[in-house]
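Along the sequence shown, the residues carry numbers beginning at 1.
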Amino acid sequence: MERFTTLTSGTVVLPADNIDTDQIIPARFLTTTTRTGLGKHLFADWRYDEHGVPRAEFALNQPSAVGCRILVGGRNFGCGSSREHAAWALVDHGFRAVISTEFADIFANNALKNGLLPVTVGKATAEWLIAHPGATLTIDVGERTLALPGGTTVSFPLEAFARHRLLEGVDELGFLLARSGEIDAYERRA
């Protein structure tokens, strides 16, 4: 997993509430157990027409979306099934953070396991972000802050262990493997 300390990026805005994991990555693309290649299918049913042609009006197909690493979604982002592929698709597309007022718990956990930061903000901040697509933001994982244009900074919750893993660029298994010597020593004492 890539380390995540700070990020400055423009935003792509999908203001819909209740964006579920089947909308993020439709079930027909879940035939893989690898994390790569899913980004091209991200939001496939919204992003492409029935012939596979990109819909010009969809936010990810706008020229302003190129290179953006922050997605702003409506309330209750990532609800629905527990598919980890949703986080994989977002990361494979290039996103490092998703901002919403609320995340489904399983999605948030899957996101963090894959280096994707779910940033929970208040309603006023979310409304401002939705009204200003493309705004350049700075996320500081260590400080747990989101800096908006004009100097406003808001804090967001992030559990200490998740913060540590993001800052170090290590998933849960990597964290445990790095401590295998300590674990072996403890087990020998028992």
| field | Steps toward side chain to side chain contact (heavy atoms under 4.5 Å, CB included) verdict (Thr145, Thr138) | value | CA-CA 8 Å; Thr145 58; Thr138 299; over 6 Å; no
| task | List the steps and the verdict of side chain to side chain contact (heavy atoms under 4.5 Å, CB included) for Thr6 and Thr8. | result | CA-CA 7 Å; Thr6 61; Thr8 299; 5.9 Å; no
| request: List the atom of Arg47, the atom of Gly39, and the distance in Å for their closest heavy-atom pair. | output: NH1-O, 3.2 Å
| Under the 3.5 angstrom rule, does the side chain of Arg96 hit a backbone N or O of Gly115 as a donor-acceptor pair? | yes
| said: Here's one to test your reading of the geometry: is the NZ or CZ of Arg188 within 45 degrees of the ring axis of Tyr186 and under 6.0 Å from its centre? | reply: no
| query | Do Phe58 and Tyr48 make the cut of ring centroids closer than 6.0 angstrom? | reply | no
| Donor-acceptor under 3.5 Å (Asn110 side chain, Ala86 main chain) | no
| request: Determine yes or no for a side-chain-to-main-chain donor-acceptor pair under 3.5 angstrom, with Thr11 supplying the side chain and Val13 the backbone. | output: no
| request: For Phe77 and Leu71, run side chain to side chain contact (heavy atoms under 4.5 Å, CB included): C-alpha distance rounded to whole Å, both residues' side-chain angles, the deciding distance at 0.1 Å, then the answer. | output: CA-CA 11 Å; Phe77 190 91; Leu71 178 66; 3.9 Å; yes
| Rounded to the nearest 0.5 Å, how far apart are CD of Glu2 and CG of Leu116? | 12.0 Å
| field | Spacing of Asp105 atom CG and Cys79 atom SG [to the nearest 0.5 Å] | value | 12.0 Å
| task | Show the numbers, then the answer: is there a side chain to side chain contact (heavy atoms under 4.5 Å, CB included) between Leu166 and Arg3? | result | CA-CA 6 Å; Leu166 288 168; Arg3 292 179 70 182; over 6 Å; no
| Does some side-chain heavy atom of Leu146 sit less than 4.5 Å from a side-chain heavy atom of Leu137? | yes
| task | Walk me through it: do Asn76 and Asp17 pass the test side-chain hydrogen bond (donor to acceptor under 3.5 Å, both in side chains)? | result | CA-CA 6 Å; Asn76 196 26; Asp17 290 342; over 6 Å; no
| said: What I'd like to find out is whether the side chain of Phe29 reaches to under 4.5 Å of the side chain of His85, using heavy atoms alone. | reply: no
| query | Ignoring hydrogens and geometry, is there a side-chain-to-backbone donor-acceptor pair from Glu127 to Ala124 under 3.5 Å? | reply | no
| message | Looking at every non-hydrogen atom in both residues, tell me the closest pair between Leu38 and Thr34 and how far apart they are. | response | CD1-O, 4.2 Å
| query | Salt-bridged, Asp184 to Arg179, with N to O below 4.0 Å? | reply | no
| request: Taking the side chain as every heavy atom from C-beta outward, state whether Val98 and Pro118 have any pair of such atoms under 4.5 Å apart. | output: no
| Do side-chain atoms of His164 reach the backbone of Ala160 as a donor and acceptor pair under 3.5 angstrom? | no
| query | So, for Gly78 and Ala104, which heavy atoms are closest and what is the spacing to 0.1 Å? | reply | O-CB, 3.2 Å
| request: Measure the OG-CZ distance between Ser82 and Phe107 for me, rounded to the nearest 0.5 Å. | output: 12.5 Å
| field | Inter-residue atom distance Thr120.OG1 - Arg75.CZ, 0.5 Å rounding | value | 13.0 Å
| request: Look at the side chain of Asn114 and the backbone N and O of Trp88, then say whether any donor-acceptor pair between them is shorter than 3.5 Å. | output: no
| field | Non-hydrogen atoms of Pro149 and Ala135 that approach each other most closely | value | CG-CB, 4.2 Å
| message | Is there a path of hydrophobic side-chain contacts, each under 4.5 Å between heavy atoms, that joins Val119 and Leu129? | response | yes
| message | Contact between Thr153 and Leu148 at the side-chain level, heavy atoms closer than 4.5 Å - yes or no? | response | no
| request: Decide whether Val170 and Leu7 are clustered together by the hydrophobic rule: side chain heavy atoms of Ile, Leu, Val, Met, Phe, Trp, Tyr closer than 4.5 Å, transitively. | output: no
| message | Ignoring hydrogens, what is the shortest heavy-atom contact between Leu112 and Arg165? Give both atom names and the distance. | response | CB-NH2, 3.9 Å
| task | For the residue pair Ile19 and Ile24, establish whether any side-chain heavy-atom pair is separated by less than 4.5 Å. | result | yes
| Cluster overlap Val91 with Leu42, hydrophobic side-chain contacts below 4.5 Å | yes
| task | Answer yes or no: does atom CD of Glu84 have more than 12 heavy-atom neighbours from other residues, nucleotides or ligands under 6.0 Å? | result | yes
| field | Ring-ring centroid check Phe43 His93, cutoff 6.0 Å | value | no
| For Ala162, does its backbone N or O pair with a side-chain atom of Glu159 as donor and acceptor, under 3.5 Å? | yes
| said: Around atom CD1 of Ile106, are there more than 12 heavy atoms from other residues, nucleotides or ligands closer than 6.0 Å? | reply: no
| said: If we check side chain to side chain contact (heavy atoms under 4.5 Å, CB included) with Phe156, which of these qualifies: Ile99, Leu117, Thr125, Asp140? | reply: Leu117
| query | Do Ser81 and Thr21 have a side chain donor and acceptor closer than 3.5 Å? | reply | yes
| said: Tell me whether the NZ or CZ atom of Arg163 lies within the 45° cone about the ring axis of Phe161 and under 6.0 Å from its centre. | reply: no
| Is the backbone of Pro26 close enough, under 3.5 Å, to the side chain of Asp22 for a donor and an acceptor to pair up by distance? | no
| query | Are Leu158 and Leu90 connected in the hydrophobic side-chain network, where two residues link if heavy atoms are under 4.5 Å apart? | reply | no
| query | What are the two closest heavy atoms between His41 and Ile25, and how far apart are they? | reply | CB-CD1, 3.5 Å
